[in-house]
There are 2 protein chains.
Amino acid sequence: MTSVSTEPRDTDGPRPATAPTGGSAAQRERRRRILDATITLAAEGGFDAVQMRAVAEQAEVALGTLYRYFPSKIHLLVSALAREFTKDVDRSAVRATPGDTAHERIMYVLNRRTRALQKQPKLTEALVRAFMFADQSVTGEIHEVGTSLTTVIARAMHGTPDHGEVTEEEAAIIRIISDVWLSALISWVTGRMDEKDVEKSIDVAVRLLLR
Amino acid sequence: MTSVSTEPRDTDGPRPATAPTGGSAAQRERRRRILDATITLAAEGGFDAVQMRAVAEQAEVALGTLYRYFPSKIHLLVSALAREFTKDVDRSAVRATPGDTAHERIMYVLNRRTRALQKQPKLTEALVRAFMFADQSVTGEIHEVGTSLTTVIARAMHGTPDHGEVTEEEAAIIRIISDVWLSALISWVTGRMDEKDVEKSIDVAVRLLLR
DNA sequence: GACTGATGTAGAACGTGTTACAAGTCTAGA
DNA sequence: TCTAGACTTGTAACACGTTCTACATCAGTC
């Protein structure tokens, strides 16, 4: 019952607060309210509940303003996802990941994140769907998410907050793990896997890749 | 610019030709026309071009009839994907896959399929998007696609059309390869990877998993 | 051949993402 | 302070997936 644009929008000049930083204080504040509203609505009712009119109303901005900040529902949701993920990365930088082996540490990190997502199934559904539906025009936001995940896994692999250099092979392994994780998440969101399946499929992948 | 329902529809009794077989000849014929129209429109203009009114018109059925056969745009597209994939499986059953090692054979099979998809980027975009957006109500069709891919990879692994028993570990490896392939395909469809990247990422995954 | 229920048709109607527009408001620079 | 231009607002309109309704057609049964 929801509409989603898959066409890139025309870029008629710079938009005011596309980036998290920059713009006036009022603009950063509006941007924050919009993302907060998005997360709230998504957490309550998932993808379908994030209706542009509802977001605008709850964030107390006009619909046109909402579209000025985020050119589509997908951009909006992916930006929200990026913000949530970035918070998580910041947290992981603080201390070393527990676990004696790379396998244990990676599973610790991914399971923690997976469980956090599973605690808010509606929110996760909305964000994953948006992520999947995103096209070229959302590359920037998506890349931010990907980088943040890579960073977290790399840190877990080495067990230290400063993850130093990552070898070619390690980078490849991390990419594969991310793929498996994403794929499992999709299956979970779409009801084709349960929580156990998700953990197990990642565990198997990590085991096969780190041997 | 397109609308997509993510809500399961109420199932008010059996529908006439949900399955490829069954129903009268006229019904099987209608179903074929609908899927043909879907593929044609998708090949021309991608996901957005598969508009339910347009499909109905081109297939020469009423809109209501279209919805009787396929309860949503997603079902329609995933069913179309399933039909195309199944064709491919049938083909792979005919002869042994060329290649001296499992790695070579798997790459041969996946690359052939990848290139086939890349020859019709719009079509692929439409099908992958639908696949990603599908929810529980499409589990059946999705499972069909997954099984067909697994079968093809299993055959390639062993190098024989009859792929005999697959060990637990082999099944796990196949799942991971599928995940990587899907993930790469998503990246390609959404413009975040080019053809080379897709092949390379699968190649790396297969190498790391089969060592 | 007439009846009946399932199936198909044509078209209107509704919801939500997206766009357009006219008018108000705020900010920087003169 | 005044003004130009950017930014916001409120609201209407449009597109397309989806649903609904009234009627036509067809297959099987008597």
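All chains are named by letter (A, B, ...) in the order of the sequence lines, taking the proteins before the strands, and each is independently numbered beginning at 1.
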Any donor-acceptor N or O pair under 3.5 Å, side chains B:W181, B:S201 = no
Does OP1 or OP2 of D:dC7 have a side-chain N or O of A:Y69 closer than 4.0 Å?
-> no
Given that B:R30 and A:A26 both sit by DNA chain C, which one's nearest nucleotide is further toward the 5' end?
-> B:R30
Here the gap from B:L209 atom CG to A:I176 atom CD1, rounded to the nearest 0.5 Å, amounts to 5.5 Å
Check the distance between C:dT18's P and A:F70's CZ and give it to me in whole angstrom.
-> 13 Å
Tell me which of B:G64 and A:V61 sits closer to the 5' end of DNA chain D, going by the nucleotide each one is nearest to.
-> A:V61
Please state how far atom CG in A:D48 lies from atom C1' in C:dG17, giving the value in whole angstrom units.
-> 12 Å
May I ask you to say what A:R53 touches in the nucleic acid, namely base, sugar-phosphate or nothing, with a heavy-atom cut-off under 4.0 Å?
-> base
Is the backbone N or O of A:V78 less than 3.5 Å from a side-chain atom of A:R83, with the two atoms forming a donor-acceptor pair by type?
-> no
For C:dC26, take OP1 and OP2 only and decide whether either is under 4.0 Å from a side-chain N or O of A:Q27.
-> no
B:T65 side-chain proximity, nearest of C:dG8, C:dT18, D:dT19 | C:dG8
With respect to the side chain of B:Y67, which nucleotide from D:dT18, D:dG10, C:dT16 is positioned closest?
-> D:dT18
Euclidean distance, atom CG of residue B:L66 to atom C1' of C:dG8 [Å, nearest integer] | 12 Å
Check every strand shown and say whether A:E60 touches a base, only sugar-phosphate, or nothing at a heavy-atom separation below 4.0 Å.
-> sugar-phosphate
Looking at A:F47, is A:K122 sitting on its ring face, NZ or CZ under 6.0 Å from the six-membered ring centre and within 45 degrees of the normal?
-> no
To the nearest Å, give me how far apart CD (A:E57) and P (D:dT9) are.
-> 13 Å
When rounded to whole Å, the CG to C1' distance for the pair B:L76 and D:dT18 reads 13 Å
Is the backbone of B:V50 close enough, under 3.5 Å, to the side chain of B:K73 for a donor and an acceptor to pair up by distance?
-> yes
Write down the distance between CG (A:L63) and C1' (C:dA22), rounded to a whole number of angstrom.
-> 16 Å
Distance in angstrom units between A:M52 CE and D:dC14 P, rounded | 21 Å
Which nucleotide in the list C:dT18, C:dG8, D:dG17 gets nearest to the side chain of B:R68?
-> C:dG8
Length of the CZ-P vector between B:R31 and C:dT7, whole Å | 15 Å
